[in-house]
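What follows is a short report on a single structure.
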Amino acid sequence: VRRLLRAGADAALRSEAGKSALQYAKEKGDSACVEAFRKHLADADAGRREATAVGGAGAGGTSSGGASGLAVPDEVVLAAERGDEAEVLAWLDGGGWTDA
């Protein structure tokens, strides 16, 4: 899952039933998959912090994963760190991109 996310897989994609991969992972009790989503967002935050420290992004309000072009709003990263699935899914439902 992490490889797919790092390669730019669209985490906002839904099944015909309207469920995301994250929702299926939670339903099936696949904690490793859920952790992969959380780690992916945390990595985006770390990339933003690194870019800011080097004089990059500044206080733009999004997390950037460096070369991958990953852009995740800070509040979504924080929600993922808190385990707030509803907020992360709301962002994805609203058209959030993990490879913007």
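Since the model is a prediction, treat every value here as computed from it, not as a measurement.
- For the atom pair NE2 (His40) and CG (Leu22), the distance works out to 11.5 Å, reported to the nearest 0.5 Å.
- For the salt bridge (charged side-chain N to carboxylate O under 4.0 Å, His left out) test, residues two or more places apart in sequence or in another chain that qualify with Asp84 are Arg82.
- The two atoms that bring Glu75 and Glu87 nearest to each other are O-OE2, 3.4 Å, heavy atoms only.
- Residues meeting the side-chain hydrogen bond (donor to acceptor under 3.5 Å, both in side chains) test with Ser15, sequence neighbours left out: Tyr24.
- Remark: Lys26 NZ to Ser20 OG distance equals 10.5 Å, nearest 0.5 Å.
- The two residues Ala36 and Arg2 have their closest heavy-atom pair at CB-CG, 3.4 Å.
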Derivation and outcome, side chain to side chain contact (heavy atoms under 4.5 Å, CB included), residues Asp30 and Val34:
CA-CA 6 Å; Asp30 190 337; Val34 172; 5.6 Å; no
